[in-house]
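What follows is a set of notes on a single structure, which appears directly below.
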Protein chains: 2
Amino acid sequence: MPVAGHPRGPGAPRSVSIRDVANAAGVSHQTVSRVINGHPRVRPATRARVEAVIAELGFRRSVAAHALASGRTRSVTVLTANTTHYGRAALLRGVEEAARAASYAVGICVVESEEPRAVRDALDRATDAGGGLIVIAYDEPGLRALEQAPAGLPLVAAVETPAAAPPAASPWVWTDDRRAAREATEHLLGLGHRTVHYLAIPSTTRSRGGSQRAAGWREALTRASAAVPEPVAAGWTPAEGYAAGRRLAADPGVTAVLCGNDDLALGLLRALHEAGRRVPEDVSVVGFDDAPHAAYLAPALTTVRQDFHEVGRVCFGRLHGLIEGGAPVGPHALATPRLTVRESTGPAAPPA
Amino acid sequence: MPVAGHPRGPGAPRSVSIRDVANAAGVSHQTVSRVINGHPRVRPATRARVEAVIAELGFRRSVAAHALASGRTRSVTVLTANTTHYGRAALLRGVEEAARAASYAVGICVVESEEPRAVRDALDRATDAGGGLIVIAYDEPGLRALEQAPAGLPLVAAVETPAAAPPAASPWVWTDDRRAAREATEHLLGLGHRTVHYLAIPSTTRSRGGSQRAAGWREALTRASAAVPEPVAAGWTPAEGYAAGRRLAADPGVTAVLCGNDDLALGLLRALHEAGRRVPEDVSVVGFDDAPHAAYLAPALTTVRQDFHEVGRVCFGRLHGLIEGGAPVGPHALATPRLTVRESTGPAAPPA
DNA sequence: CTGAAAGCGCTTACAG
DNA sequence: CTGAAAGCGCTTACAG
């Protein structure tokens, strides 16, 4: 029977409430509440009876009522500039798996640009959702959202390697991609390349002079007293890697290139192929991330394996601890990504 | 001041409510409700005053209270077996963009397997969210969720090409991938290949004998009186395409292969490379979807362009119409995917 | 261990 | 055009 003044959707019967369960079990709705919340002080027999009725009637607690009455919602929302690029998609998957295991709902909220209005809107939407927030701050839009998130909101962020030791209260999670970039560059230098060029993902303004991957690359070059070429700005996608990579491919001086991610590397490989330059005989290429396609390209891509899936899990785990236990969340570095050498890197050609 | 019995999170001040706005504006909270809901019968001066206070106080309606009182929630949840594979990720992106434009929140709910328990759990979680539901039924888990979704739930599904004309009330959206597969196969046959092998994505039980892509492939072969080889079961990923593709690569009889998606094609290309078979000189390969990397492989992949982004938008649009307008949603086919010929297909080698 | 009361922040008819 | 009342389905102290 539809409740007066509260029309439901067509055909949607009013679902069973805590009161229906209470009546059927012969207890107060209050006791039902205790049972579904795992409150310890309920007589076992009572609990059993209530649970039986819950199962029989197919009762499900109203998320809205629970949220309104308790001020809590078992949910997290992932705020990100993009959901499809490999790293972000894998991170999202990690969050979802961990959230599912903890019976948390997951929402996504994309921040389209770094415009103040877009950032504010995204933050408003994310806050409206009412749960915890995981922000992917790998790019400018995400970083701005992180910086402008209201205090008091339960929040954890996936970030680049911090440029300096972060404040103890920074709820940040990262893998040491700066160090990984340095090692990748050293690998190339060790192969006899005079220098290494860098095909860049977009950098955030916080890190003046490029992303932390760029910083690690520069560091290795400087330490080895190698020339530091101007980074070539690309983007995130194969198309952008190709477009920017053509310049590199046309320059006979480049013999080794570190790419900001594997999709960029894919585009560069194509540009090199079109230019008639062989990999790794003429040019060595290193990617970043170890996306699913990296191992199956021809030549198979030497790249740095990053466990975004784990980053996602950890972000959720820490947020969960913050929400349920009030455990303060500080900065947290995961294991350093590891260089996986495959076919796209080789010794520098002897000087002609 | 914390309300007795309703502790908020640490440091989270009680946010401004409709009553605070009402007091500040000198009206009843009821009138504020009318203003935020765009009710027409409000005096312009009153409306202006209320809106000014709303802006000044930074009022945001409580999602939970709104949902509880109205029985509606401006949200959709995407139910899918996977969020990272290209087609699904692009579809999700389309949904998110359309939802954002309509001020709807979007949740994701993954159904891990086709086990009855997993399907039921996913459906429960999706239903708890309270809004509309978009199910991606490209695989068995998704399909079962679709079949078992409770009646009365606002729902739209992205499906494979239906095997037969669907019932008028089926809220399905698809692109004609069966026909696209047929055309791709005909393209290969037209190049002089005796037959075309099929490297298969997983099929759903509903479509006995393989997915609709397989059906289209078989159709073309049959019409041309070509032999119909056994499809080679692979999966969705490059790794699976590679593993299954090795068998194809080792068989000198295969000169043309249609792949269920571009990732499979990528793996196959690698297997062919390792086996020393040239593409397209020795073997022609066609992918499916036109994922971002397809055009940048070497050889660039001939593939069938599918607009999953648009599928996502359309799914949301129809669901939105259903929720807000009660517009009934029937089956809906989008434009047929188009074959994009690039470098991975060529004339059959003349018989040795 | 269990129940009666009050309240979360909104919306919905119903009056006026 | 606007307000007073009731209710959405829960949870939270407070009694007992």
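Values below: every heavy atom of this structure, side chains too, minus hydrogens, waters and symmetry copies. Naming: A, B, ... by sequence-line order, numbering from 1 per chain.
- Side-chain contact between Asn37(B) and Arg61(B): present, with at least one pair of heavy atoms (C-beta onward) separated by less than 4.5 Å.
- The separation between Arg74(B) atom CZ and dC10(C) atom C1' is 16 Å, rounded to whole Å.
- Leu68(B) has its CG atom 4 Å from the C1' atom of dC8(D), to the nearest Å.
- Between Thr31(A) and the phosphate of dG3(C), there is a side-chain N or O to OP1/OP2 separation shorter than 4.0 Å.
- Ile36(B) places its CD1 atom 11 Å from the P atom of dT12(C), with the value rounded to the nearest Å.
- Look at Ser70(A) and you won't find any side-chain N or O under 4.0 angstrom from OP1 or OP2 of dC10(D).
- Arg60(B) contributes no side-chain N or O that forms a donor-acceptor pair with the base of dG9(C) under 3.5 Å.
- The CZ atom of Arg313(A) sits 10.5 Å away from atom CD of Glu96(A), with the distance rounded to the nearest 0.5 Å.
- Of the candidate nucleotides dT11(D), dT11(C), dG9(D), dG9(D) has the atom lying nearest to any side-chain atom of Ser62(A).
- Nucleic acid contact for Arg47(A): none, since no nucleic acid atom lies under 4.0 Å from a heavy atom of the residue.
- A stem is defined here as three or more consecutive Watson-Crick or G-U pairs, each with both distances under 3.5 Å; for DNA chain C these stems are C:1-3 with D:14-16, C:5-12 with D:5-12, C:14-16 with D:1-3.
- In terms of polar N and O atoms assigned as donor or acceptor, the side chain of His39(B) never comes within less than 3.5 Å of the base of dT11(C) in a complementary pairing.
- Residues Leu123(A) and Leu79(A) form a side-chain contact, since some pair of their non-hydrogen atoms from C-beta on lies under 4.5 Å apart.
- With a 4.5 Å cut-off on side-chain heavy atoms, Leu334(B) and Val173(B) count as touching.
- Side-chain contact between Gln148(B) and Val119(B): present, with at least one pair of heavy atoms (C-beta onward) separated by less than 4.5 Å.
- Using a 4.0 Å heavy-atom criterion, one finds that Arg61(B) contacts the sugar-phosphate atoms exclusively.
- Between dG3(C) and Ser28(A), a contact under 4.0 Å exists linking OP1 or OP2 to a side-chain N or O.
- In this structure, the CG atom of Asp128(A) is 15 Å from the P atom of dG9(C), given to the nearest Å.
- Contact of the Val329(A) side chain with the Leu319(A) side chain is not registered, since no non-hydrogen atoms from C-beta on lie closer than 4.5 Å.
- Ile18(A) has its CD1 atom 6 Å from the C1' atom of dC10(D), to the nearest Å.
- For the pair Arg49(A)/Val27(A), a side-chain contact is recorded, criterion being any heavy-atom separation below 4.5 Å from C-beta on.
- Heavy atoms of Arg43(A) sit under 4.0 angstrom from primed sugar atoms or phosphate atoms, though from no base atom.
- Remark: the Gln30(B) side chain and the dT11(C) base include no donor-acceptor N/O pair separated by less than 3.5 Å.
- In the set dT2(C), dG9(D), dT12(C), the nucleotide with an atom closest to the side chain of Arg41(A) is dT2(C).
- If you measure from atom NE2 of His29(B) to atom P of dG9(C), you get 12 Å, rounded to the nearest angstrom.
- Nucleotide dC1(D) holds its P atom 14 Å from the CZ atom of Arg49(B), rounded to whole Å.
- Of the candidate nucleotides dT2(C), dT11(C), dG7(C), dT2(C) has the atom nearest to the side chain of Arg34(A).
- Evaluation of the ring-ring contact (aromatic ring centres under 6.0 Å, His included) test over residues 46-78 of chain B, restricted to residues two or more places apart or in two chains, returns none.
- Straight-line distance from the CG atom of Asn37(A) to the C1' atom of dT2(C): 15 Å, rounded to whole Å.
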